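In each ligand, atom 1 is the first atom listed, and ligand 1 is the first ligand listed. Fair warning: this is a prediction, and the values are worked out from it, not measured in the lab. Hydrogens, waters and symmetry mates are skipped; everything else that's a heavy atom, side chains included, is used.
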Amino acid sequence: MTATYEVRGQVAVITLNNPPVNGMGLVTRQAVAAGINRAEDDAAIKAVVITGAGAAFSGGADIKEFGSPKALAEPNLLSLISLVEACSKPVVAAIHSVCMGGGLELSLGCHYRIAAAGTKVALPEVKLGLLPGAGGTQRLPRALGVEPALNMIVSGEPVNSELLAQVPGQKLFDRMATGDLMDEALALAAEVADVRPLPRVRDLKARFIEKNANPDAFFQFARNMVGGMSKNFPAPLRCLEAVAASVTMKFDDGIKAERAGFAALMVTPESGALRHAFFAERATTKIADVPSDTPTRTIAKIAVIGAGTMGGGISMNFLNAGLPVVMLETKQEALDRGVATIRKNYEAQLKKGKLKQDKLDARMALLSTTLSYADIGDADLVIEAVFEEIGVKQAVFKQLDEVMRPGAILASNTSTLDLNAIANFTKRPQDVVGMHFFSPANVMKLLEVVRGAATAKDVLATVMVLAKKIRKTAVVSGVCDGFIGNRMIEQYSRQAGFLLDEGCSPAQVDRAAEKFGFAMGPFRMGDLAGNDIGWAIRKRRYQEKPNLRYSKSADLLCELGRFGQKTQAGWYDYQAGKRDAIPSPVVAEMLDKHRAALSITPRQIGDDEIVHRLVYSLVNEAAHLLEEGIAQRASDVDMVYLTGYGFPLWRGGPMCYADQVGLFNVVQAMKRFAKNPLDDAEFWQPAPLLARLVAEGKTFS
Ligand code: T1G
């Protein structure tokens, strides 16, 4: 049963009960409809209260049902809401915790709404590439006012119930609960039991809060604003048009317009990708052989070794979550610099109004520093973020092994070194794990949690729980060179280099990648991160793999000292203090000479070939990672690229994109690339997993 029915005096109480968030799946909808009909038929019942059990009123339609017949099976959400609204007895929605999507739409079909303070209220469908499809675009503007309703629908962001209750003239909440929500809902139900006619949101006019607002001018301005946002995917603009219909059309016609928009969006690749990403993000927390109820270790104090860019950024994550951090360095001035950088970051947020002074002070009070390992022995977790050289890591981990209390977790932020080798510098490899943050560590959502051969299951479980606390998307990776993200980006970078050898300019490759949706193309990215970082990795890596072909253009660039923005010259030129990437004649000449030395006649390369070589190189390498068990699932790889490498969210990640293109087509393109003598034919052999999926007509997800 996913909704219960009980009688309290003369009031029927229908309680949604479909854990974890009371998704309005078919069985739940049927149960609510049955409850309404039962109350309608029972003469002793004077009113109805609808509420949600557990941690939510309702998180909305059951997204898992989308694409299946269940989603549209009667009563679909729209019919259920009409049934509630047509009930001859007053229906009161008792809202708490989370009231989103179809859950809010259900409440808008009720005649009255009482909300607990702190309830997160949203119509987040746009984040799934959709629009509210059960009357939300028609009722919310009538209940709340056009401007706030449009903001909520186009942004998809939650707003606290008490803020909405303050909107001038709002009819969203008839009352805010001050005590027990159910008691007050029952009291309200008794109070309105005889009110006739029953108030219906649909009978209100969608009104502007700004007096004399001109609808056409308002929506034209809004279109211009939203048009930019949705240059890549259609949902925001369609949301806007549906809200405009609440002003320009009669209710029933507006509902029809909303349904048409919803149906059109449901079948777009962008919505499929965004729904994929929604579940992919939540799937990352599941580790095949580590049950979700694995006991975790208590993490009350954290030590960070290194107060540089990474150490400082890592520390801020924990300070922001209210956890004390002790930063350790070898020199006082390094500590002073690290603390000053953290304070400067917080003060910049303060200036932008993103942080209050008391919060800033509280965070800084949680930060302490030391030059002595003796001071960190009682920490529950220590994360080293020292120079990326195995000898330095060895010295640090030997010391940690000496001083850290038994049961402390020893984490390395290494991005390229062998975690098993690092673990073996200690006598407790079971307590060693990789926590690979991405720079800037206090901003980037991705955290690669590297599982060593000996890493204990409770250590993994502890780090995954901690990652959620510091609002990171944690993806488990096995041990290999580059883990998941950087091993894939190596192939992506090789393709970018080959494209230069064959005739592209850095700007052409970047433009194609950014038109595809990457936040930044490979060369602008290199200039931002520092081309010397890749240079050092290539030197090490290609000593180990002398036969691996790659373009020498990046090495030539570094030999000119063109490390990127930090040297005001990289693949592009930069004016002092500016980040605008200016195509560089020096680089153009360097590339011409480089091609001539290789006797390469440059050729025109189209955007499609550029994008497909870049993206499919990620896909093929990821297929190897999946076969080797380095990545647990294809959707994990997608999350790595969506949260750590600027892959466009509305494409769902490289694996989702490959599935949407069709793996058969991906492999056909790879076969074409393999024929290019200047490319790497061996690399473009489809990974066995990819070949098998194509042969079986299957997809990654
Ligand atoms: N449908 C199905 N499953 C859902 C779900 C939903 N709407 N919301 C959450 N879950 C699952 C989630 O996959 C996870 O599962 C578990 O619940 C806990 O989620 C017609 C068309 C509600 C704020 O977009 O924003 O209504 O991994 O880890 O941090 O107009 O979930 O445990 O197996 O996120 O406490 C619109 C999406 C739907 C809300 C709770 N609604 N959900 O956050 O838990 S479309 C949404 C959220 C719609 C109508 C339209 C959050 C949350 P598992 P969680 P949380």
Item checked: Side-chain ion pair, E85 and R139, N-O less than 4.0 Å -> yes
Checklist line | Under-4.0 Å salt bridge between D380 and R297 | finding: no
Dump the pairs for me: ligand 1 N or O, protein N or O, distance under 3.5 Å, to 0.1 Å.
residue, atom, partner, partner atom, Å
ligand 1, 1 (N), A61, O, 3.4
ligand 1, 1 (N), I63, N, 2.9
ligand 1, 3 (N), K64, NZ, 3.3
ligand 1, 7 (N), G59, O, 3.3
ligand 1, 7 (N), A61, O, 2.9
ligand 1, 26 (O), A61, N, 2.9
ligand 1, 26 (O), G102, N, 2.8
ligand 1, 27 (O), K286, NZ, 2.9
ligand 1, 30 (O), E105, OE1, 2.6
ligand 1, 30 (O), E105, OE2, 3.4
ligand 1, 30 (O), E125, OE2, 2.7
ligand 1, 30 (O), G133, N, 2.9
ligand 1, 34 (O), R282, NE, 2.8
ligand 1, 34 (O), R282, NH2, 3.1
ligand 1, 41 (N), G59, O, 2.8

Margin query: Distance alone, cut at 3.5 Å: any donor-acceptor contact between the side chains of T137 and E258?
Written below: yes
Checklist line | Residues forming a side-chain hydrogen bond (donor to acceptor under 3.5 Å, both in side chains) with S88, sequence neighbours excluded | finding: E40
Margin query: Within the 4.5 Å heavy-atom criterion, are N442 and L319 side-chain neighbours or not?
Written below: no
Next item on the list: Any chance you could lay out the side chain to side chain contact (heavy atoms under 4.5 Å, CB included) test for V637 and L625, step after step, and finish with the verdict?
Entry: CA-CA 9 Å; V637 174; L625 284 167; 5.5 Å; no
